[in-house]
Structures are given as structure tokens and as C-alpha cells.
Amino acid sequence: MVLQLKQLFDISGDLQSFEYDISLEKLKQYKSYPFISPIAINGTIVNRAGAVRLDYSVKFMMKLNCDRCLSEFDREYSYDFHHYLVRSTNHDDDEYIECPDNTLVLDELAISDILLQLPSKILCTDDCKGLCSKCGINKNISDCGCPKE
């Protein structure tokens, strides 16, 4: 979704709300990230005394494999993001999103925010016992009886 921001940049107190989905078709290009639902996005952009702030939430599901036991599972994620929007900047700062031509391509920003927020280690549960290093059985399902090291 491309948001036109000229009015927001020019009028203090202006507010723009949005709600839409990034389709699974569009998410297919991110092959290493197994999205199984569209990304639902909703939020607002508001100009408060000349500072234009973007606040939005995302919600989606992924089909994942546990890094300890290798079991496949589905997990729902939801995140909130906040950014300040500027027409141009001389700073290399992630807090400010530059919007040339008074436009913002929200899909790209949202996907980038999501990919940076996803955990680096994926576990099916916080107390996952993993696989036995001797016989390979999933210790969440049964105890193999192998001697402890």
C-alpha cells in the first residue's frame, strides 16, 4: 500500500487511519519465511506540532520448525511498530523514515520491520526438551531411556 502524505506533512493535527492485508501472493517472494496467513496491518499517521508519527500493528501466522526438536508447528505473531516520518533527512537513523515525494510504501516498511523483529531461535515451547543426542527421539513425546551423559 502506498500512502500519500502531503496533507499530513502540511497540516498540523491531521490524522490518517489505515487497515489492510498484505496478501500471501505478495509474501511468496520471501521464500525463507513461511507465512501461512496474510499480514493484517492497521494503524494511524498523525501530525502533532509538525512531527509526523506512524503507529501500526501487524498480525500474521507462520508455519515453523522448532530449532530443538524439529517439530513443525503454527505460530501467530503480533507486533506494534512506531516511526517518525520526514520528507528528507541528513541523518542515518532508523528512527526516521524518509518519505520522498510525500509517499510511503508501507508494505516494504512493514515487512522489513517484521523480519527484523522475528526471533533468531524458534522453539515450539519455552520448555522444549529437544532430541536425544544418542538415539534421536523427541524427548517431548517420550523418554528414550538412553544413559545420561
Side-chain angles (χ1 to χ4, degrees), residues 1-5 8-9 15-48 51-149:
M1 171 180 248
V2 177
L3 298 173
Q4 300 300 323
L5 305 173
L8 275 158
F9 281 127
L15 171 83
Q16 181 177 347
S17 297
F18 54 88
E19 184 173 342
Y20 75 103
D21 292 342
I22 299 175
S23 70
L24 281 173
E25 185 65 33
K26 189 166 191 166
L27 295 170
K28 282 184 181 178
Q29 65 183 324
Y30 302 95
K31 294 177 182 145
S32 58
Y33 297 96
F35 292 97
I36 57 172
S37 76
I39 298 173
I41 300 177
N42 67 64
T44 59
I45 304 173
V46 64
N47 180 333
R48 288 195 180 111
V52 178
R53 182 176 162 120
L54 165 67
D55 297 297
Y56 71 99
S57 301
V58 297
K59 191 173 185 179
F60 58 94
M61 291 201 57
M62 296 180 93
K63 184 170 285 303
L64 304 166
N65 288 338
C66 179
D67 288 336
R68 281 191 193 149
C69 71
L70 307 179
S71 296
E72 187 175 79
F73 64 98
D74 296 345
R75 174 155 300 149
E76 182 176 73
Y77 288 98
S78 62
Y79 297 115
D80 296 320
F81 299 105
H82 314 281
H83 297 285
Y84 285 98
L85 307 179
V86 294
R87 285 182 166 139
S88 65
T89 182
N90 295 334
H91 305 298
D92 189 21
D93 190 344
D94 291 340
E95 185 177 350
Y96 298 101
I97 304 298
E98 193 168 349
C99 302
D101 302 322
N102 297 313
T103 61
L104 173 66
V105 181
L106 190 55
D107 292 3
E108 292 175 9
L109 177 61
I111 291 169
S112 176
D113 282 345
I114 288 167
L115 297 183
L116 290 170
Q117 190 70 31
L118 288 172
S120 58
K121 186 168 186 129
I122 306 291
L123 299 178
C124 57
T125 61
D126 289 338
D127 61 343
C128 177
K129 297 175 185 172
L131 302 175
C132 174
S133 61
K134 296 200 183 308
C135 69
I137 196 166
N138 184 338
K139 295 192 286 185
N140 297 310
I141 297 172
S142 66
D143 187 20
C144 60
C146 292
K148 307 264 187 236
E149 293 180 4

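Here the structure is a predicted model, which means the values were calculated and not measured.
Here the shortest heavy-atom pairing between I137 and S142 reads CD1-OG, 3.1 Å. Residues K134 and C146 share a closest heavy-atom pair of CB-SG, 4.0 Å. Residues C66 and C124 approach most closely at SG-N, 3.3 Å, considering heavy atoms.
A search for side chain to side chain contact (heavy atoms under 4.5 Å, CB included) contacts involving S32 returns nothing, not counting sequence neighbours. N65 pairs by the side chain to side chain donor-acceptor pair (under 3.5 Å) definition with nothing, not counting sequence neighbours. Residues passing the salt bridge (Lys or Arg N to Asp or Glu O under 4.0 Å) test with D80, sequence neighbours excluded: none. In this view, L15 and S17, T44, V46 satisfy the side chain to side chain contact (heavy atoms under 4.5 Å, CB included) rule, not counting sequence neighbours. The side chain to side chain donor-acceptor pair (under 3.5 Å) test applied to R75 returns no partner, not counting sequence neighbours. Partners of I39 according to the side chain to side chain contact (heavy atoms under 4.5 Å, CB included) rule, which considers only residues two or more places apart in sequence or in another chain, are I22, L27, F35, I41, V58, F60, I111, I114. For N47, the side chain to side chain donor-acceptor pair (under 3.5 Å) test picks out no residue, with sequence neighbours left out. Checked against salt bridge (Lys or Arg N to Asp or Glu O under 4.0 Å), R87 has the following partners two or more places apart in sequence or in another chain: D10. For Q4, the side chain to side chain contact (heavy atoms under 4.5 Å, CB included) partners two or more places apart in sequence, or in a different chain, are V2, T103. K63 is linked by a side chain to side chain donor-acceptor pair (under 3.5 Å) to D74, counting only residues two or more places apart in sequence or in another chain.
For the 3.5 Å distance criterion, the side chains of H83 and R53 fail to qualify, holding no donor opposite an acceptor. Of the N and O atoms on the side chains of N42 and Y20, not one donor lies less than 3.5 Å from an acceptor on the other residue. Donor-acceptor pairing under 3.5 Å is lacking for the side chains of S71 and N140.
K59 is not listed as a side-chain neighbour of Y77, based on a closest heavy-atom distance of 4.5 Å or more. Residues V52 and L5 have side chains not in contact (no heavy-atom distance under 4.5 Å, counting atoms from C-beta outward). Counting heavy atoms from C-beta on, the side chains of L54 and L104 come closer than 4.5 Å. At a threshold of 4.5 Å between non-hydrogen side-chain atoms, the residues L85 and I45 count as touching. Proximity of F9 to C99: side-chain heavy atoms (C-beta onward) are separated by under 4.5 Å at one or more points. For the pair L109 and Y56, the minimum side-chain heavy-atom distance is below 4.5 Å. Using a 4.5 Å heavy-atom threshold, the side chains of L123 and R68 count as touching. Counting only heavy atoms from C-beta outward, the side chains of Y30 and L115 approach each other to under 4.5 Å.
Interatomic distance, S57 OG to Y79 OH, rounded to the nearest 0.5 Å: 13.0 Å. Atom CG of N102 is separated from atom CG of L3 by 12.0 Å, given to the nearest 0.5 angstrom. Once rounded to the nearest 0.5 Å, the distance linking CG of N138 with SG of C69 reads 4.5 Å.
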- Task: Carefully, step by step, assess I97 and Y84 under the rule side-chain contact (heavy atoms from CB on, under 4.5 Å).
- Result: CA-CA 6 Å; I97 304 298; Y84 285 98; over 6 Å; no

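The backbone N or O of I122 sits less than 3.5 Å from a side-chain atom of D67, completing a donor-acceptor pair.
Applying the salt bridge (Lys or Arg N to Asp or Glu O under 4.0 Å) test to residues at least two apart or on different chains, none of the pairs has a partner in residues 114-132. Judged as a salt bridge (Lys or Arg N to Asp or Glu O under 4.0 Å), the pairs with a partner in residues 16-32 (not counting sequence neighbours) are, in order, E25-K28, K26-D107.
By the neighbour-count criterion of 12 heavy atoms within 6.0 Å, atom NZ of K139 is densely surrounded, having more than that number from other residues, nucleotides or ligands.
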